[in-house]
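Below: the structure, in structure tokens.
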Amino acid sequence: MRQKKSIEDVEVSGKKILLRADFNVPLEEGRVRDDARIRAVLPTLENLLDRGAALVLASHLGRPKGRPDPGLKLDPVAERLAELLGRPVRKLDQVAGPGVAEAIGALQSGELLLLENLRFEKGEESNDREFARQLAEPVDLFVNDAFGTAHRAHASTAGVAEFVPAVAGLLMKKEIEELSRCLENPQRPLTAILGGAKVSDKITVIRRFLELADQLLVGGGMANTFLAARGFDLGDSLYEKDLLKEASSLIESAEKSGCRLVLPVDLVVTRALEPGGETKTLPPQEISGDWKAVDIGPETVKTFSRYLSQAAMIVWNGPLGVFEIPPFDEGTKLVARAMAASEAYSIVGGGDLVAALEGLGLAGAVGFISTGGGATLEFWEDKELPGIKVLQDKA
Ligand code: ADP
Ligand code: MG
């Protein structure tokens, strides 16, 4: 991966800067319920304001599909941001246009304002060139700190860079550095853990980790598809029938690569996917009928934990069971504890896994938590993310 310029490599004093952040936060009764994404951008904001820049902040929120939606205005974000920064944050009711240009014109060094939800404009998601030009027009520099949206080629993540120099914010820079660690010169043994619902979402990442890692531990619904490909009848478990060939081919690749593919040896099964439903622990060959595998079992946890205790680096995407419904979060919880107890450096990505770890109070045990879901997966797939590609290369 080519090195990208960040705000640390450019002069910002006296400049007007368009800063694309990912303020796509959950709202509840007109308030921000979880401000983690806002806090993640604070170092970039403080750095730029302290160095005398004037900031125009822009973000999307939810899926308003190109027209204004009163429930998705960014006012709650402005309010929370002002509290966190301890300075006033002016919020505009438009994204672009004459009023916006005027407000930006009057903006002074050390001040900031927040534009309205970018996705109120059709041109945002269609990466309309004229809309991108309008966004860029009143500013001198574009800073992209929205890693979670970097896999989308939208006007505010990619299009603007045609009209104004573009560099990474501190969060973007950190994401690139941290997520690259397992791709370039990983510490060994490198243990990768993959879970989540489907193989089909993650085929390329599975292949990539089979090339890179010393072991690939698989759990979640994804493991069911692999076990089915090995010929087990998994009863009523979630698995992808149309992916059995692909899964067999991945198992074959693993046999040829130096990576050990580790599948569950026991599974927690239930007939009713509800809290407190009746459960049993079975080896894959004993599952049948209307039983569904919804978590990894204790023997599998033991095996996974042994690998983690010997690892030098751990990367993990996707929960190992239906963590939303306790007790089917047990496997994810115990493996997270084993990761915390290991001396290995750990890197975790994926919306649902991160939510699971936060819910379990185990997020603090991770070396680095990515703010991206889809973006993190695409980064690990070695895809060139549009929002990163457009940033200036370091000389
Ligand atoms: P991430 O967002 O971390 O990448 P995914 O979106 O791929 O993770 O998958 C998360 C979903 O996978 C969760 O909703 C979880 O309930 C589901 N899941 C995990 N294990 C199973 C299983 N054995 N059966 C059905 N669903 C599962
Ligand atoms: Mg998910």
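Everything numeric in this text was worked out from a predicted model, so none of it was measured. Just follow the structure's listing: the first ligand is 1, and inside any ligand the first atom is 1.
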Neighbouring protein N, O or S atoms of the Mg ion (ligand 2) [cut-off: under 2.8 Å, no waters]: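 Hits for the Mg ion (ligand 2) below 2.8 Å: Asp352 OD2.
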Using a plain distance cutoff, I'd like to know if [X] has any nitrogen or oxygen under 3.5 Å from a nitrogen or oxygen of ligand 1.
X	answer
Gly349	no
Gly196	no
Asp352	yes
Gly221	yes
Leu353	yes

Trp316 (side chain) donor-acceptor with Gly318 (main chain) under 3.5 angstrom: yes
Hey, is [X] close enough to [Y] for a salt bridge, meaning N to O under 4.0 Å?
X	Y	result
Asp393	Lys4	yes
Glu28	Arg31	no
Arg133	Glu137	yes
Arg208	Asp382	yes

Distance under 6.0 Å and angle within 45° of the ring axis: does Lys383 meet both against Phe379?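 No, Lys383 and Phe379 do not form such a contact.
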Of all residues at least two apart in sequence or in a different chain, which pass the side-chain contact (heavy atoms from CB on, under 4.5 Å) check with Ala78?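 Residues passing side-chain contact (heavy atoms from CB on, under 4.5 Å) with Ala78: Val89, Lys91, Leu114.
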Looking at non-hydrogen atoms alone, which of Gly350, Gly331, Ala356, Pro319 comes nearest to atom 8 (O) of ligand 1?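 Considering heavy atoms of Gly350, Gly331, Ala356, Pro319, the nearest to atom 8 (O) of ligand 1 sits in Pro319.
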Which is closest to atom 26 (N) of ligand 1 in terms of heavy atoms, Thr332, Val322, Val294?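 Looking at heavy atoms only, Val322 sits closest to atom 26 (N) of ligand 1.
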Is Lys202 touching ligand 1 with its side chain, its backbone, both, or neither, if touching means heavy atoms under 4.0 Å apart? side chain
Which part of Asn317 is near ligand 1, with near meaning a heavy atom under 4.0 Å away: side chain, backbone, both or neither?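 Asn317 to ligand 1: side-chain contact only, backbone stays beyond 4.0 Å.
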Distance to 0.1 Å, residue and atom name: give those for the protein heavy atom nearest to atom 15 (C) of ligand 1. Glu324 OE1, 3.5 Å
Using non-hydrogen atoms of the residue, decide whether Gly373 is closer than 4.0 angstrom to ligand 1.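 The answer is no: ligand 1 sits nowhere under 4.0 Å from a heavy atom of Gly373.
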